[in-house]
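Here's the structure we're looking at; comments come further down.
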2 protein chains.
Amino acid sequence: MGKCEQCIIKQFNSLKSLTKDELIRISGCKTSKTIKKGEVIFEEGETLHGVYCVKDGICKLSKLSENGKDQIVKMVVKGQLLGQRSLISDESSNLQATALNDMEVCFIPKSEIISDLQKNPKFSFDVLKDMAHDLKEADDVIVNMAQKSVRQRLAETLIYIHDSFGVNPDGTMSILLSREDYANIVGTATESAIRVLSQFKKDGLISTIGKYIKLEDINGLKRIE
Amino acid sequence: MGKCEQCIIKQFNSLKSLTKDELIRISGCKTSKTIKKGEVIFEEGETLHGVYCVKDGICKLSKLSENGKDQIVKMVVKGQLLGQRSLISDESSNLQATALNDMEVCFIPKSEIISDLQKNPKFSFDVLKDMAHDLKEADDVIVNMAQKSVRQRLAETLIYIHDSFGVNPDGTMSILLSREDYANIVGTATESAIRVLSQFKKDGLISTIGKYIKLEDINGLKRIE
DNA sequence: AATAAAACATGACAGATATCATATTTAAAA
DNA sequence: TTTTAAATATGATATCTGTCATGTTTTATT
């Protein structure tokens with residue numbers, strides 16, 4: 001099993017602020033896991049006993065609404081930590097995490113890392129920064145949900161995913177989402193998401209290569225009202 | 001001017017985790033301010049140079065959408081800290097803060113409190129908990145915005161305000177908001193908010209005493225679809 | 001390869017909400 | 001008080017979006 005102190009992934013998250021000794025200790029108690037596409041990592045309401053460091057793959061964080069729809073609140077990719085909030089708040093998880101493709105994660109038990117949070121101010125400040133960033137993003141999502149049309153939200157979602165999670169060599173977006181996933185991000189009916197994406201394609205704003213989507217006219221997408 | 005170490009307000013926020021010495025130092029550099037109803041405390045995009053501890057009154061945190069509407073994202077009341085996020089992230093404020101009634105606040109310069117955040121782990125863990133809580137609330141708002149009708153959101157907003165911010169002796173909600181404010185919380189047109197509230201009144205779910213709203217049938221409001 | 005099951009697509013229609021117009025009431029200012 | 005402005009109210013209408021139905025394509029399974 002790999003060692004945390006040598007793992008490059010940690011550069012991308014708060015774990016980089018741990019000391020070498022702390023990392024070695026963490027390394028000793030972590031467990032690596034492979035998670036298959038579609039698998040649920042943790043459920044809404046479940047008590048988490050640690051955090052996951054995502055070494056590879058992508059997952060979605062969603063919450064079941066009363067109307068039976070699964071609202072995707074956030075996506076977590078390679079390099080990020082999963083379940084940070086439950087580490088801090090002692091509450092059960094507010095969200096469900098589901099793998100969007102095959103994932104490699106390291107699970108770090110809460111008992112091991114919580115003491116670092118209490119003792120290493122650099123680390124806790126880093127987590128704080130992460131959380132502040134998430135909060136800002138969440139506020140922006142609230143405004144978009146409240147004030148923008150489905151077309152606008154879908155266009156912005158495409159741009160967000162394109163810019164945040166990268167593209168394949170052929171220019172298609174590296175993340176593969178079903179129309180239902182898009183609908184659940186934007187908060188609309190699956191049929192509506194399908195319709196809007198079809199229209200975007202007709203209008204030359206996007207194209208598809210196999211199941212992958214390529215943004216053909218980002219400025220056009222930005223101009224949508 | 002009052003002394004932080006003796007101020008009861010701090011019991012309600014993270015400042016309670018500061019040591020007596022830290023509080024005395026903070027006390028020496030803080031400035032008290034009175035803010036009048038409607039006054040803007042800080043604007044979107046403004047660089048904040050500290051945090052506000054709200055001693056009295058209520059303010060709204062909002063963000064201007066591209067369509068010209070002001071989406072209210074959160075409300076901050078007596079006892080809470082205002083501008084926490086900007087303390088951590090070094091970025092300019094993402095939101096505008098506007099007083100909803102006359103307020104009493106203490107301004108604590110960033111330079112003074114940032115060192116406590118770095119050195120006092122109990123304090124920073126407390127701020128972390130606050131932030132985690134805000135994040136959870138924000139996620140819930142996202143789901144509500146995305147999946148629920150205007151009627152439902154308005155009903156829930158009424159209940160939320162009623163439960164969170166208290167009632168007057170006559171049972172009316174202590175916070176006075178315009179119909180426009182309600183519209184900007186639920187993310188709808190002012191006319192729609194007016195219409196829905198009128199309907200609630202006709203249905204006996206709420207009543208009004210002067211400009212104040214009283215919830216007459218909370219269970220009825222909860223049952224709205 | 002044949003079959004079943006998802007995922008995607010599209011039409012028709014209903015319902016919710018935004019917009020525009022216009023009163024009416026309430027609060028503020030002269 | 002009178003005047004003006006702001007907030008609240010309500011109707012008419014258009015638009016957006018959800019729902020239901022149905023069909024096609026793609027993917028998975030036997």
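Within every chain, numbering begins at 1; the chains are lettered A, B, ... in the order of the sequence lines, protein sequences first and strands thereafter. Atom set for the values below is all heavy atoms of this structure, side chains included, hydrogens, waters and symmetry mates excluded.
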Practice problem: Give the rounded distance in Å between these two atoms: NZ of B:Lys37 and P of C:dA27. | Solution: 10 Å
Quiz item: Any salt bridge between A:Lys63 and B:Asp140, counting N to O under 4.0 Å?
Solution: yes
Practice problem: Indicate the atoms forming the closest heavy-atom contact of A:Asp126 with A:Ser14, along with that distance. | Solution: OD2-CA, 3.6 Å
Self-check item: Gap between atoms CG and C1', on A:Asn67 and D:dT19 respectively (whole Å)
Solution: 13 Å
Quiz item: Taking CD from A:Gln199 and P from C:dC8, how many angstroms apart are they, rounded to a whole number?
Solution: 18 Å
Quiz item: Taking only side-chain nitrogens and oxygens of A:Lys211, does any of them come within less than 4.0 Å of OP1 or OP2 of C:dC8?
Solution: yes
Quiz prompt | B:Lys37 atom NZ, over 12 foreign heavy atoms within 6.0 Å | solution = no
Quiz item: Given atom NZ of A:Lys36 and atom P of D:dA28, what is their separation to the nearest angstrom?
Solution: 14 Å
Quiz item: Got a sec: does the NZ of B:Lys110 have more than 12 other heavy atoms crowding it under 6.0 Å?
Solution: yes
Quiz item: Taking CD from A:Glu225 and C1' from D:dT15, how many angstroms apart are they, rounded to a whole number?
Solution: 15 Å
Quiz prompt | Per-nucleotide protein contact string for nucleotides 9-25 of chain C (B base, S sugar-phosphate only, - none; heavy atom under 4.0 Å) | solution = BBBB----SSBB-----
Quiz item: In whole angstroms, how far is the P atom of C:dC8 from the CG atom of A:Leu177?
Solution: 10 Å
Quiz prompt | A:Ile206 CD1 - C:dC8 P separation (whole Å) | solution = 12 Å
Quiz prompt | Pairs involving residues 197-224 of chain B, ordered by first then second residue, that meet salt bridge (Lys or Arg N to Asp or Glu O under 4.0 Å) (sequence neighbours left out) | solution = none
Quiz prompt | Pair B:Val143-A:Val73, side chain to side chain contact (heavy atoms under 4.5 Å, CB included): steps then yes or no | solution = CA-CA 8 Å; B:Val143 178; A:Val73 168; 4.1 Å; yes
